[in-house]
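What follows is a short report on a single structure.
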Amino acid sequence: MAAPDVTQKTEVYETLSGINLAFGAVVDHLTTMRQSGILRSHYARVLQGLTHELRAEINVATLETLSRIEEQDWTRYGKVRIKWEKYLRGPEPKRKKTSR
């Protein structure tokens, strides 16, 4: 995956958040269906477990990629910061040669 720009990264994080909220809603709805007697308790819990597993799998796959992208950004922007700090410090004073 090519490194996305800041707007794209923001959209990915917001999308992942939305996915997690939606999975949470599914789990809540399954609880409601279990409590109302529509789904057998054991079956509802199995479905909730599968839902949690799928949510975790999506998070892991997404965050592995995002982690690589963030590390690349950290390195790239760290280099920019170092150059900026050198510029702000100004030229290095010249050292006199010492004879031994």
Side-chain angles (χ1 to χ4, degrees):
M1 172 180 187
D5 65 25
V6 174
T7 303
Q8 289 172 318
K9 278 192 342 186
T10 301
E11 290 173 355
V12 170
Y13 280 110
E14 288 174 350
T15 299
L16 185 60
S17 174
I19 288 171
N20 279 284
L21 288 169
F23 274 108
V26 169
V27 170
D28 291 345
H29 293 313
L30 288 168
T31 298
T32 300
M33 293 175 81
R34 179 181 50 81
Q35 290 171 344
S36 68
I38 300 298
L39 287 177
R40 290 188 329 261
S41 182
H42 176 74
Y43 188 60
R45 288 201 167 110
V46 167
L47 292 175
Q48 287 173 322
L50 293 171
T51 303
H52 286 300
E53 180 186 22
L54 182 56
R55 173 176 37 186
E57 186 175 352
I58 291 169
N59 284 335
V60 167
T62 304
L63 293 173
E64 283 176 348
T65 302
L66 287 171
S67 179
R68 284 193 300 275
I69 291 168
E70 293 296 355
E71 286 178 14
Q72 291 167 356
D73 284 353
W74 184 24
T75 299
R76 181 174 60 247
Y77 295 122
K79 290 176 183 176
V80 170
R81 178 189 46 80
I82 290 167
K83 285 181 181 178
W84 181 243
E85 287 173 349
K86 285 181 181 178
Y87 170 80
L88 291 175
R89 281 196 302 265
E92 295 278 328
K94 294 185 180 182
R95 296 182 180 174
K96 294 181 180 179
K97 292 183 179 178
T98 56
S99 59
R100 290 187 182 197

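Residue numbers run from 1 in the order of the sequence given.
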* When you look at L16 and L63, which way does the side-chain contact (heavy atoms from CB on, under 4.5 Å) test go after all the steps? -> CA-CA 9 Å; L16 185 60; L63 293 173; 3.8 Å; yes

About how many Å separate [atom2] of [Y] and [atom1] of [X], when rounded to the nearest 0.5 Å?
X	Y	atom1	atom2	result
L39	M33	CG	CE	4.5 Å
T15	N20	OG1	CG	11.0 Å
E57	N59	CD	CG	10.5 Å
H42	L47	NE2	CG	9.5 Å
T65	R68	OG1	CZ	4.5 Å

* Can you tell me which residue pairs pass the side chain to side chain donor-acceptor pair (under 3.5 Å) test with a partner in residues 27-38, sequence neighbours excluded? =>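 Only T31-Q48 qualify under side chain to side chain donor-acceptor pair (under 3.5 Å).
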
* Using side-chain contact (heavy atoms from CB on, under 4.5 Å) as the criterion, list what pairs up with S17, not counting sequence neighbours. => L21

* Sequence neighbours left out, what passes salt bridge (Lys or Arg N to Asp or Glu O under 4.0 Å) with R81? Give chain and number order. => E85

Is there a path of hydrophobic side-chain contacts, each under 4.5 Å between heavy atoms, that joins [X] and [Y]?
X	Y	result
Y87	V80	no
I58	L66	yes
F23	V12	yes

* Polar side-chain atom of Q8 near backbone of D5 as donor-acceptor pair, under 3.5 Å ->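 Here the side-chain-to-backbone pair exists.
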
* Might you work through the side-chain contact (heavy atoms from CB on, under 4.5 Å) test for R55 and V26, ending with a clear yes or no? => CA-CA 11 Å; R55 173 176 37 186; V26 169; over 6 Å; no

* To do: Count the heavy atoms belonging to other residues, nucleotides or ligands that lie under 6.0 Å from OH of Y43, then report whether that count exceeds 12.
  =>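 It does not: Y43 OH has 12 such atoms or fewer within range.
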
* Quick one: do K9 and E70 satisfy salt bridge (Lys or Arg N to Asp or Glu O under 4.0 Å)? Show the steps, please. => CA-CA 10 Å; K9 278 192 342 186; E70 293 296 355; 3.1 Å; yes

